[in-house]
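Position 1 is the first residue of the sequence, and the numbers go up from there.
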Amino acid sequence: NTARITVTNNPTTVQPAIDETTVNCPDVEVVKTATNGTISAGDTAEFKIVVKNTGEGKATNVTVTDNPLPGNLAWGNLTVSPNVPTCSITASGDVNSPWKLNCTFAELEKNDQIEIKFSAVTSKDSCGALVNNVVVAAGNEPDSGPNDAVDELNDDDARIDVNCADIEIKKTADKTPVNATDGIGFTITVTNKGAGIARNVNISDTLPAGFTWNIDAANSDGGCSISAGGVLSCTWGDMAKDASKKVHITALTTKETCGPVANTAGATTTNDGNPNSSTEIEVLCPNVTVDKTVPAGQANPVSAGDTISYQIAVGIVGTGTAYSVLVNDLLPPTTSGWSVANNPNNPTSGLPACGVVGLQMLCHFGDVAGPASFTIVVTGKAIGSDGGVTCGPLRNNVRVSAGNEVHGSDNQDSASIGVNCPNIVVTKEAKASPINAGDEARFIIKVKNTGAGTATGVEVKDSLPNQ
């Protein structure tokens, strides 16, 4: 500033007096950064704000405003260094971003700096970008400086990208349908298809009752076990993007475990949903039947020694495969000469399935896929190999079985053929008795069949008197 004085009656010029005062202006700046610019859902999002006076003068009535804070998060854990108890997080009035940060500092000396931190725990609903702007101002800061706009650095943005996990669980059956007594298995696969880390991934699966389940360790990731109550649990921890884990469980079916074996497995995480997956295996149980009849054209009753035949029809009902189908027929006693007609081949050996040894017929049909049927005829004689006969009904019982079927009433049947036996009666009487020497001696022999059956091969022998 320059001061000048003039005097109207002084011819001498008075020199001006010059002096100056320097005004030091503040220049408050703010820098906002993210502690971690990329996090996964469930992690803590933290911002740091640094306010500094880079001017030569003291800044007064400094305010920091961050409104609203990003996302519908519960922002907190507010720290200020050095500790100045003039910062707070309060309601913003914004439904979607309900919190704001406000700070007031009475003054900031040249090169003074204040650091502010605050944070919030994210969730699966926080996916995307948390973008935020903070503004700092001082009551005595001019609008512009000598070189640049002083307030260019009075606001700053920061961004945190929240990557969410996307857990997918898929349960698949090894094979369906299967036959009773076959092995069954399920594979449970969990994959993180999201960009974020899936935290604390666990699997829980209440396995179907009635089976003894085992973990196929060679084809499973670790961390899995089956409890005594039949619950499969897997603890797989954190899973990064595109990570995948699986567990394979197996069991044997039985004759009794027919029908669908349904199962649902569920996955849980601490930062994503709780998906589940279901599937089922159909266990086919065969029903093997046998029907024994007297075939058409077979006389009934017959006479002892005549030919007799039985017809045996074996059926595999339904769509399952019956394993090791066996027909066992204990043929009636006092019969002989048995043979088999319509004898199919065993699918494994290629040889006739049925054979008779003595008085037992066995048919080994092997594994037979249903529906299927076989009809065979067994033929023999109603007389024993020693000539003995049984008069009356010849009842014959046959049984059929399969290795994977529960035995029932339709697994056996019987049929009967009546045998009529002859009854040969012989009488002999003299034509006259006594007679005189030289007279003709005569005998009358009578042979009669008093039985119901036809007598065959009847022969009469008589040793006549030698006189």
Side-chain angles (χ1 to χ4, degrees), residues 173-186 208 210-212 250-262 280-298 308-332 338-380 395-416:
D174 291 359
K175 180 183 177 182
T176 187
V178 299
N179 297 304
T181 71
D182 286 353
I184 58 174
F186 294 103
F211 301 87
T212 300
T250 61
L252 281 176
T253 61
T254 67
K255 300 176 183 178
E256 290 79 16
T257 52
C258 306
V261 181
E280 69 178 30
I281 297 173
E282 185 73 18
V283 180
L284 304 176
C285 287
N287 180 25
V288 182
T289 64
V290 67
D291 184 29
K292 189 163 192 177
T293 58
V294 176
Q298 169 65 57
I308 55 174
S309 296
Y310 297 99
Q311 180 173 285
I312 301 170
V314 178
I316 291 81
V317 181
T319 57
T321 296
Y323 294 149
S324 303
V325 177
L326 175 66
V327 173
N328 186 358
D329 189 353
L330 295 177
L331 300 166
W338 290 99
S339 61
V340 182
N342 300 331
N343 194 353
N345 288 337
N346 180 287
T348 302
S349 67
L351 300 175
C354 301
V356 179
V357 176
L359 294 177
Q360 183 179 31
M361 182 192 71
L362 293 175
C363 297
H364 297 274
F365 291 118
D367 299 342
V368 182
S373 63
F374 304 94
T375 300
I376 58 176
V377 176
V378 288
T379 301
R395 181 168 295 277
N396 184 220
N397 296 315
V398 64
R399 294 176 180 269
V400 66
S401 63
N404 59 342
E405 184 206 26
V406 177
H407 190 81
S409 60
D410 56 0
N411 287 111
Q412 61 184 6
D413 198 15
S414 64
S416 181

## Note on the structure
Between A313 and T375, the two heavy atoms sitting closest are CB-OG1, 4.0 Å
### Task
Return each pair, listed once, that meets side-chain hydrogen bond (donor to acceptor under 3.5 Å, both in side chains) where at least one residue sits in residues 397-410; pairs must be two or more places apart or across chains.
N287-D410, R399-Q412, E405-N411
### Query
Going from OG1 on T254 to CG on D182, what distance comes out if it is rounded to the nearest 0.5 angstrom?
11.5 Å
### Query
Looking only at heavy atoms, what is the nearest atom pair of D367 and Y323, with distance?
OD1-CA, 3.2 Å
### Query
Residues in side-chain contact (heavy atoms from CB on, under 4.5 Å) with T293, at least two apart?
D291, Q311
### Query
Quick one: does N342's side chain get under 4.5 Å of F374's, heavy atoms only?
no
## Note on the structure
Hits for side-chain contact (heavy atoms from CB on, under 4.5 Å) against L284, two or more places apart or cross-chain, chain-then-number order -> P177, N179, E282, T319
### Gap separating the SG atom of C363 from the CG atom of L326, nearest 0.5 angstrom
8.0 Å
### Query
What's the shortest heavy-atom distance between A402 and V288, and which atoms?
CB-CG2, 3.8 Å
### Query
Where do A262 and P208 come nearest, in terms of heavy atoms and distance?
O-CG, 3.5 Å
Got a list of side-chain donor-acceptor pairs under 3.5 Å for residues 346-358, not counting sequence neighbours?
{"unit_1": "N346", "atom_1": "OD1", "unit_2": "T348", "atom_2": "N", "d": "2.7"}
{"unit_1": "N346", "atom_1": "OD1", "unit_2": "S349", "atom_2": "N", "d": "3.1"}
{"unit_1": "N346", "atom_1": "ND2", "unit_2": "H364", "atom_2": "O", "d": "2.7"}
{"unit_1": "S349", "atom_1": "OG", "unit_2": "L351", "atom_2": "N", "d": "3.2"}

### Task
State the CD1-CD distance between I308 and Q298, to the nearest 0.5 angstrom.
7.0 Å
### Message
For a quick test of reading the model, state the closest non-hydrogen atom pair linking V377 to S309 and the distance between them.
### Response
CG1-CB, 4.1 Å
### Query
Is a donor on one side and an acceptor on the other found under 3.5 Å between the side chain of T250 and the backbone of G185?
no
#### Entry: Student check: side-chain heavy atoms of T212 and L252 closer than 4.5 Å
no
### Message
Taking ring pair (Phe, Tyr, Trp, His ring centres under 6.0 Å) as the definition, give me every residue that meets it alongside Y310, ordered by chain and number, with sequence neighbours left out.
### Response
none
### Task
State the CD1-CZ distance between I316 and F365, to the nearest 0.5 angstrom.
8.0 Å
### Message
D174: which residues meet the side chain to side chain donor-acceptor pair (under 3.5 Å) condition with it, sequence neighbours left out?
### Response
H248
#### Entry: Minimum heavy-atom distance T257-C285, with the two atoms named
C-SG, 4.4 Å
### Query
Would you say the side chain of V261 lies within less than 4.5 Å of the side chain of E280, judging by non-hydrogen atoms?
no
